[in-house]
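Residues take their numbers from the sequence shown, with the count starting at 1. Predicted model only: the values in this text are computed from it and were never measured.
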Amino acid sequence: MTAREDEPAGREPDGRPGGRGRPPGRRPDASMSLLADLFAGRRLDPGYAEAAARRAASGGAGRRPGRLRGAGVPLVLALTGALAAVAGVEVHRSEPVAAERHSELVDQIHARTAEADALQRRVDRLRADTERRRAGALARSADGRRVRREVAAAAAAAAAAPVAGEGLVVTLDDATRGPRGAPGSAADGRVYDQDLQVLVNGLWAAGARAIGVNGRRLTPTTAIRAAGEAIMVDYRPLGGPYEVTALGDPGRLRAAFAGSPADRRLAALRDRFGIRYGTRRSDEVRLPAGGAARLRYAVPGEGGGR
């Protein structure tokens, strides 16, 4: 049995391998009827053509839905405008309530901050009184005086006693606000908690004996973090300008800090984003004692340490 000239032997009409022949009476291009109709100029389905003919015979009655659709556009716009107006009225009504709640929260923050400051001052007075009594008791014997020196050294290492002397003061502050798009006008011109962390670590590496930020003494467990737009030092919010005071020989501190990674980072922020950054020496630096640290330690459990 020979194959037809218009169909290769052993292939289906769509070109796939197979052994079955074409059904009798089927056009060779039956599977491409849509393309054939497009090339022949018959772009509409016969059903669409019949519907168009009926619409033309009825005298254009089919235009009525078009007019209704055109009238629906202004209706939708009117409803959208009404909804926007209602939303605007609701927002306007809620503004005084939001402002009142914001003012109440600000007042509560100020009140709690004042209470915490008063409690801190009381703690400082009690701590100073305790230190005087302890020093008087230990000064009565040689062993007591030796213990007093050891306690003083431990207190200095733990920032548990106030210190004074000369030192270096480093100032950081947000960039001066300028026109929109200019250096220092965006959030990049702000001082972040990471900047203070880098500065403090750089001063410790330079040999500082004690460090304070805006008068708050840093302890070995002090955290510098961000809460929203505020910088928290030992869980207390601080505002700029930020003065980081390092106790120690000012000349040695400046020489060791200059050119360090921290100094290069802050200088780059100053040159690129306009952050205010400067250092000065101080002949009289006073830092209070740090906050009391809560000690956490492990204890042996029952059952042989299991």
Looking at every non-hydrogen atom in both residues, tell me the closest pair between F257 and A262 and how far apart they are. CE1-CB, 3.8 Å
No-hydrogen, no-angle side-chain donor-acceptor test under 3.5 Å, R276 and T171: no
Using a 4.5 Å cut-off on heavy atoms from C-beta on, say whether the side chain of L266 contacts that of I275. no
Are R133 and D129 close enough, and set up right, to give a salt bridge (charged side-chain N to carboxylate O under 4.0 Å, His left out), and what steps lead you there? CA-CA 6 Å; R133 293 175 182 270; D129 183 63; 3.0 Å; yes
Flag the pair D283 and R281 as a salt bridge only when some basic side-chain nitrogen lies within less than 4.0 angstrom of an acidic carboxylate oxygen. yes
CD1 of I224 to CD of Q194, rounded to nearest 0.5 Å, is 11.0 Å
Rounded to the nearest 0.5 Å, what separates atom CG in L138 from atom CZ in R149? 11.0 Å
Hey, what do you get for CZ (R216) to OG1 (T222), rounding to the nearest 0.5 Å? 8.5 Å
R148/E150 ion pair, N-O < 4.0 Å: no
Taking all atoms of both residues into account, what is the closest heavy-atom pair of E284 and A164, and its distance? OE2-CB, 4.2 Å
How long is the gap from OH on Y242 to CD1 on I231, to the nearest 0.5 Å? 3.5 Å
What distance separates L247 CG from R286 CZ, expressed to the nearest 0.5 Å? 11.0 Å
So, E104 and R101, do they make that salt bridge, N to O below 4.0 Å? no
Could you check whether R236 pairs with D117 (Lys NZ or Arg NE/NH1/NH2 to Asp/Glu carboxylate O, under 4.0 Å)? yes
Following the transitive rule for hydrophobic clusters with a side-chain heavy-atom cut-off under 4.5 Å over Ile, Leu, Val, Met, Phe, Trp and Tyr, establish whether V163 and L168 coincide in one cluster. no
So that I can tick it off, tell me whether R190 and D195 are bridged by a salt bridge, with the cut-off set at under 4.0 angstrom between side-chain N and carboxylate O. no
Contact between V233 and N214 at the side-chain level, heavy atoms closer than 4.5 Å - yes or no? no
Shortest non-hydrogen contact between I211 and A208, atoms and distance: CG1-CB, 3.9 Å
Cluster partners of Y235, using ILVMFWY side-chain heavy atoms under 4.5 angstrom, listed by chain and number? none
